[in-house]
Amino acid sequence: MNNLLRLESLALFIASLFLYNGLEISWWWYAAFILVPDLGMLGYLVNARTGAYTYNLFHHMAVGILLYGIGLLLEQQIIMVVGAILFSHTTLDRIFGYGLKYEKGFKFTHLGEVGK
């Protein structure tokens, strides 16, 4: 994966930490839930197509941004927390080269093949 893309993802990850810090909620919640989006991988137990769909739903930056925005509009901090953690997790994945998945299989992403 291109180092420039990793650097961009690192900048977004740092921004996500500032976003979360502004929510006035304990960092224990962050630590407890940062890996929850990986539950999207369970779709691969069904088949590659379902797995790609569920993984991508749980790992799309726009979903995190949308949830945070909805929480902001509705003044619901818990929705903002979910959005911030989802966005943060997604940026971490991008730093390590894990992108949105293709139906071809788990290692085939929009950032290239994982492990190559």
Side-chain angles (χ1 to χ4, degrees):
M1 184 176 132
N2 184 316
N3 286 332
L4 188 57
L5 291 176
R6 288 180 194 252
L7 188 58
E8 177 185 50
S9 295
L10 177 61
L12 290 170
F13 174 70
I14 292 168
S16 76
L17 296 179
F18 281 102
L19 192 67
Y20 186 86
N21 194 53
L23 294 175
E24 300 175 5
I25 190 165
S26 172
W27 280 94
W28 286 107
W29 289 102
Y30 183 90
F33 290 103
I34 190 64
L35 296 178
V36 168
D38 282 335
L39 290 174
M41 288 188 284
L42 292 175
Y44 282 98
L45 295 173
V46 176
N47 60 41
R49 183 178 185 197
T50 302
Y53 178 80
T54 56
Y55 182 92
N56 291 344
L57 180 64
F58 282 60
H59 288 83
H60 200 291
M61 287 187 199
V63 174
I65 293 168
L66 181 65
L67 285 172
Y68 187 89
I70 289 170
L72 192 61
L73 286 172
L74 298 176
E75 298 179 0
Q76 295 294 316
Q77 185 166 336
I78 190 65
I79 299 172
M80 294 167 66
V81 167
V82 170
I85 290 175
L86 181 62
F87 183 78
S88 186
H89 176 94
T90 302
T91 60
L92 271 176
D93 273 7
R94 298 296 191 280
I95 291 168
F96 295 111
Y98 292 96
L100 297 174
K101 307 300 181 193
Y102 292 123
E103 294 177 7
K104 187 175 177 182
F106 183 79
K107 67 180 186 174
F108 301 99
T109 80
H110 81 287
L111 299 174
E113 190 173 332
V114 174
K116 287 236 173 184

**Student:** Tell me, please, which residues at least two apart from E103 pass salt bridge (Lys or Arg N to Asp or Glu O under 4.0 Å).
**Tutor:** R49

**Student:** Please confirm whether Y44 and F106 have ring centers closer than 6.0 angstrom.
**Tutor:** yes

**Student:** Ignoring hydrogens and angles, tell me if any N or O in the side chain of S16 forms a donor-acceptor pair with the backbone of F13 under 3.5 Å.
**Tutor:** yes

**Student:** To the nearest 0.5 angstrom, please state how far the OG atom of S9 sits from the CG atom of L4.
**Tutor:** 9.5 Å

**Student:** I'd like to know whether CH2 of W28 has more than 12 heavy-atom contacts from other residues, nucleotides or ligands below 6.0 angstrom.
**Tutor:** no

**Student:** Is there a side chain to side chain contact (heavy atoms under 4.5 Å, CB included) between L7 and N3 once you walk through the steps?
**Tutor:** CA-CA 6 Å; L7 188 58; N3 286 332; over 6 Å; no

**Student:** Is a side-chain N or O of H110 found less than 3.5 angstrom from the main chain of L100, in a donor-acceptor match?
**Tutor:** yes

**Student:** CH2/W27 to CG/L17 distance, rounded to the nearest 0.5 angstrom?
**Tutor:** 5.0 Å

**Student:** Kindly work out whether a path of hydrophobic side-chain contacts (I/L/V/M/F/W/Y, heavy atoms less than 4.5 Å apart) joins F18 to L12.
**Tutor:** no

**Student:** Would you give the length of the straight line joining atom CG of L111 to atom CZ of F96, rounded to the nearest 0.5 angstrom?
**Tutor:** 13.5 Å

**Student:** Please find the pair of heavy atoms, one from R94 and one from M61, that lie closest to each other, and give the distance.
**Tutor:** CG-CE, 3.7 Å

**Student:** Would you say the side chain of V36 lies within less than 4.5 Å of the side chain of H89, judging by non-hydrogen atoms?
**Tutor:** no

**Student:** H59 and side chain to side chain donor-acceptor pair (under 3.5 Å): which partner among T109, D93, T54?
**Tutor:** D93

**Student:** Donor-acceptor pair, Y55 side chain versus K101 backbone, under 3.5 Å?
**Tutor:** no

**Student:** Report yes or no: do Y20 and L66 belong to one cluster of Ile/Leu/Val/Met/Phe/Trp/Tyr joined by side chain heavy-atom distances under 4.5 Å?
**Tutor:** no

**Student:** To the nearest 0.5 Å, tell me how far L19 CG sits from F87 CZ.
**Tutor:** 8.0 Å

**Student:** To check you understand the geometry: which heavy-atom pair defines the closest contact between W29 and I85, and what is its length?
**Tutor:** O-CD1, 4.0 Å

**Student:** Quick check for you: to the nearest 0.5 Å, what is the distance between T50 atom OG1 and L42 atom CG?
**Tutor:** 12.0 Å

**Student:** So, applying side chain to side chain contact (heavy atoms under 4.5 Å, CB included) with V81, which one of L67, L86, I25 is it?
**Tutor:** I25

**Student:** Examine Y98 and I95 and state if one hydrophobic cluster contains both, with Ile, Leu, Val, Met, Phe, Trp and Tyr joined whenever side-chain heavy atoms are less than 4.5 Å apart.
**Tutor:** yes

**Student:** Do Y30 and F33 belong together in a cluster built from hydrophobic side chains that touch within less than 4.5 Å?
**Tutor:** yes

**Student:** Could you check whether atom CZ of F108 has more than 12 heavy atoms from other residues, nucleotides or ligands sitting under 6.0 Å from it?
**Tutor:** yes

**Student:** Please tell me whether L92 and V82 are part of a single hydrophobic cluster in this structure, the criterion being side-chain heavy atoms less than 4.5 Å apart.
**Tutor:** no

**Student:** Mind checking the CG-CD1 spacing from L72 to I65? Nearest 0.5 Å is all I need.
**Tutor:** 13.0 Å

**Student:** P37 and F58: which non-hydrogen atoms are nearest, and at how many Å?
**Tutor:** O-CB, 3.3 Å

